[in-house]
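I have placed the structure first, in the form of structure tokens, so that the comments after it can refer back to it.
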Amino acid sequence: MGGFDCDVLVVGLGPVGAVLTALLAQRGVRVIALEKDARPYPLPRAVHFDHEIMRIFQQLGVADQMRRHARDLPDYEFRSADGRVLLNLRPPRETPSGWSGGYMFHQPSLEGVLRERLAALPSADIRLGQRFDALTQDADGVTASVTTPTGSVAIRARYLVGCDGASSAVREAIGGGLDDYQFDEPWLVVDVKVGAGGRAPEINIQLCDPARPTTCVLSGPGRHRWEFMLLPGESAEAMLDDAVVRGLIGPWDCGPVQIERKAVYRFHGLVARRWRAGRVLIAGDAAHQTPPFAGQGMCAGIRDAANLAWKLDAILRGTAADALLETYQAEREPHVRAAIELAIGMGRVVCTLDPAAAAQRDAAMLAAQSGGAPALPPMTASPFATGCLLAGSPGAGELFPQPTAGEGSARLRMDDRLGEDAWLIARARAGEDVAGVRVADIDAEDLAPFRAALLAWLDRRQVDAVLVRPDRYVFGAGAPGALLSAWQASLR
Ligand SMILES: Cc1cc2nc3c(=O)[nH]c(=O)nc-3n(C[C@H](O)[C@H](O)[C@H](O)COP(=O)(O)OP(=O)(O)OC[C@H]3O[C@@H](n4cnc5c(N)ncnc54)[C@H](O)[C@@H]3O)c2cc1C
């Protein structure tokens, strides 16, 4: 490896570091992943991921395993203290990803599945119980100082990605700084196992009760989550007492539940100003943090990982220039900010402690509902308008749909047929595959089950072809030859 211990050094093996490591190693990139702790984070955190994340799990070959630890996203109701429905967010029935609108899951099980997948990838060298301390970089690579159980070592990599969470040392090392949305609310988070005869609600609920704003949502099968806002003067220590927790859950009348995990967090919105310095990048909570009301923190981080993985791979293979990394923050930050702003919008609705303000809010939300007006800021659907795309061409920057065919376990999904490279999908035969691009026409035999959906996409945009990036976002649409040339030029 010419003095390099690996191509990419990933710091932190939470869900984002694990997905990034797996996506890279699956493409043959040699990765070392450092994790300071021996086991996944034990306290309650994410319970929801969306359809696009399931599509990324599909790419990693672990969708079926994830499915076993998850339940389909149910309705999400905002209710007043007296039980009136202020807002009902229904999961989308159709998604571009070809999966359900979202899933409620158990994070330790999800991280367990990712670690099993990593263990099967020869290019991934997982080093648990090793802490990243500091880095230096030069024109060719990055050198990290790492504390291991037997002493300090230096690891040399071409690139380093900090997936080291909210207190990221890598972010500090690159002077990432943080923009603060000035949202800062303390909440008690409790995960329970629901025993036989348990009656936990079957939908997700935000109880907008000014006496105690409360979240009650599904987790993985047989599990449930409550979150209780701390009131002024309440201490985290006192709230974590089991008797207090039982007193809070009791009125929900759920039958036998066993408290599994609990923690007090301060929910806030933060975005690092700088996600890259030379050969060092940050992703996931290291780059941004959101209140959990929209269930998007981990999802945003996994989208970061998918955005970075193919770019690093292309650069390391020599098919793209290092400058491609400049598109990473440009593409991801607007979407991250939209998710944070949506979550803070939800949080401001929920975290109202003044009874008079709560009554006004309830009246406004009920009126908005009957008038058909949106009660929450919409989340940006199209994630980026600048970056690695053919600006101005139809569909550029959109998530390309994954058509499916069949039902149940026999369901066919298009991504499985087309593989990990970029795709050029054209109405008519447009030549042979080229480096990093699968060239396919809609009459290809393996695309037959998806032909109608692909044709509809091309017809709607009145184009002959679409070029889809390896992370399944549309690079551009138009004439096949011109698309291929533009793609190659944009990588260079
Ligand atoms: C109450 C709550 C509810 C949430 N609900 C949702 C939800 O429903 N959906 C959702 O998408 N998100 C949710 N989130 C957010 C989600 O949990 C986080 O965004 C996600 O876990 C971040 O993943 P990460 O891999 O970036 O960071 P982390 O999971 O924090 O992982 C970072 C890893 O880096 C390691 N590390 C740190 N420093 C070093 C070092 N110096 N050397 C080596 N290793 C290091 C840590 O030990 C850790 O394992 C929720 C969060 C909370 C608190």
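All ligand and atom numbering here is 1-based and tracks the order in the structure.
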Atoms in ligand 1 with a heavy atom of Val16 nearer than 4.0 Å: 23 (O), 24 (P), 25 (O), 26 (O)

Under 3.5 Å: donor-acceptor pair, side chain of Arg273, backbone of Leu178: yes

Under 3.5 Å: donor-acceptor pair, side chain of Ser219, backbone of Phe105: yes

Heteroatom proximity flag, Val11 to ligand 1, N/O under 3.5 Å: no

Atom 42 (N) of ligand 1 - nearest protein heavy atom and its distance: Phe132 N, 3.0 Å

Within reach of ligand 1, part of Gln107 (heavy-atom separation under 4.0 Å): side chain

Heavy atom of the protein closest to atom 10 (C) of ligand 1 (residue, atom name, distance): Met298 N, 3.3 Å

Ligand-residue contact atoms, ligand 1 with His48, heavy atoms, under 4.0 Å: 7 (C), 8 (O), 9 (N), 10 (C), 11 (O)

Ring-face cation contact, Phe57 with Arg55, 6.0 Å cut, 45° max: no

Element-labelled atoms of ligand 1 that are located less than 4.0 Å from some non-hydrogen atom of Gly14: 25 (O), 29 (O), 31 (O), 33 (C), 49 (O)

Interfacing atoms of ligand 1 (cut-off 4.0 Å, heavy-atom, Gly284): 26 (O)

Side chain, backbone, both or neither: the part of Pro292 lying under 4.0 Å from ligand 1 by heavy atom: side chain

Atom 37 (C) of ligand 1 [closest protein heavy-atom partner, distance rounded to 0.1 Å]: Asp164 O, 3.3 Å

Mutual orientation of the aromatic rings belonging to Trp99 and Tyr103 [parallel < 30°, tilted 30-60°, perpendicular > 60°]: perpendicular

Nearest non-hydrogen protein atom, atom 43 (C) of ligand 1: Lys36 N, 3.4 Å

Exam field: side chain Gln369 to backbone Val85, donor-acceptor pair closer than 3.5 Å: yes

Atoms in ligand 1 with a heavy atom of Arg131 nearer than 4.0 Å: 40 (C), 41 (N), 42 (N)

Within-cut-off N or O pair, Ala286 and ligand 1, under 3.5 Å: no

Sidechain-backbone polar pair: Gln329 side chain, Arg276 backbone, donor-acceptor under 3.5 Å: no

For atom 29 (O) of ligand 1, the protein heavy atom that lies nearest, with its residue and separation: Arg45 NH2, 2.5 Å

Phe228 vs Ile249, side-chain contact (heavy atoms from CB on, under 4.5 Å): CA-CA, chis, key distance, verdict: CA-CA 9 Å; Phe228 302 99; Ile249 294 177; 4.0 Å; yes

Taking atom 33 (C) of ligand 1 as the reference point, the nearest protein heavy atom with its distance: Glu35 OE1, 3.6 Å

Gln130 neighbourhood, listing ligand 1 atoms whose heavy-atom distance to it stays under 4.0 Å: 43 (C)

Region of Tyr265 that comes within reach of ligand 1 [heavy atoms, distance under 4.0 Å]: side chain

Identity and separation of the nearest protein heavy atom to atom 6 (C) of ligand 1: Ala46 CA, 3.2 Å

Sidechain N-carboxylate O distance under 4.0 Å for Arg317, Asp7: no

NZ or CZ of Arg472 within 45° of Phe400 ring axis and under 6.0 Å: no

side-chain hydrogen bond (donor to acceptor under 3.5 Å, both in side chains) partners of His69, counting only residues at least two apart: none

Tyr159 six-ring face occupied by Arg279 cation (under 6.0 Å, within 45°): yes

Ligand 1 versus Ala166: contacting region, heavy-atom distance under 4.0 Å: neither

Ring-face cation contact, Trp252 with Arg199, 6.0 Å cut, 45° max: no

Identity and distance of the protein heavy atom lying nearest atom 19 (O) of ligand 1: Asp285 OD1, 2.6 Å

Check: Gln59 main-chain N/O paired with Gln26 side-chain donor or acceptor under 3.5 Å: yes

Heavy-atom nearest neighbour of atom 27 (O) of ligand 1 within options Gly165, Ser219, Ala294: Gly165

Proximal atoms of ligand 1 relative to Pro15 (non-hydrogen, under 4.0 Å): 21 (O), 23 (O), 25 (O), 29 (O)

Part of Arg225 with heavy atoms under 4.0 Å of ligand 1, whether side chain, backbone, both or neither: side chain

Distance filter under 4.0 Å to Cys163 heavy atoms, resulting ligand 1 atoms: 32 (C), 33 (C), 34 (O)

Residue portion contacting ligand 1 (non-hydrogen atoms closer than 4.0 Å) for Val189: side chain

For Arg84, side-chain hydrogen bond (donor to acceptor under 3.5 Å, both in side chains) partners two or more places apart: Asp82

Aromatic ring pairing Trp187/Phe293, orientation class (parallel under 30°, perpendicular over 60°, tilted between): perpendicular

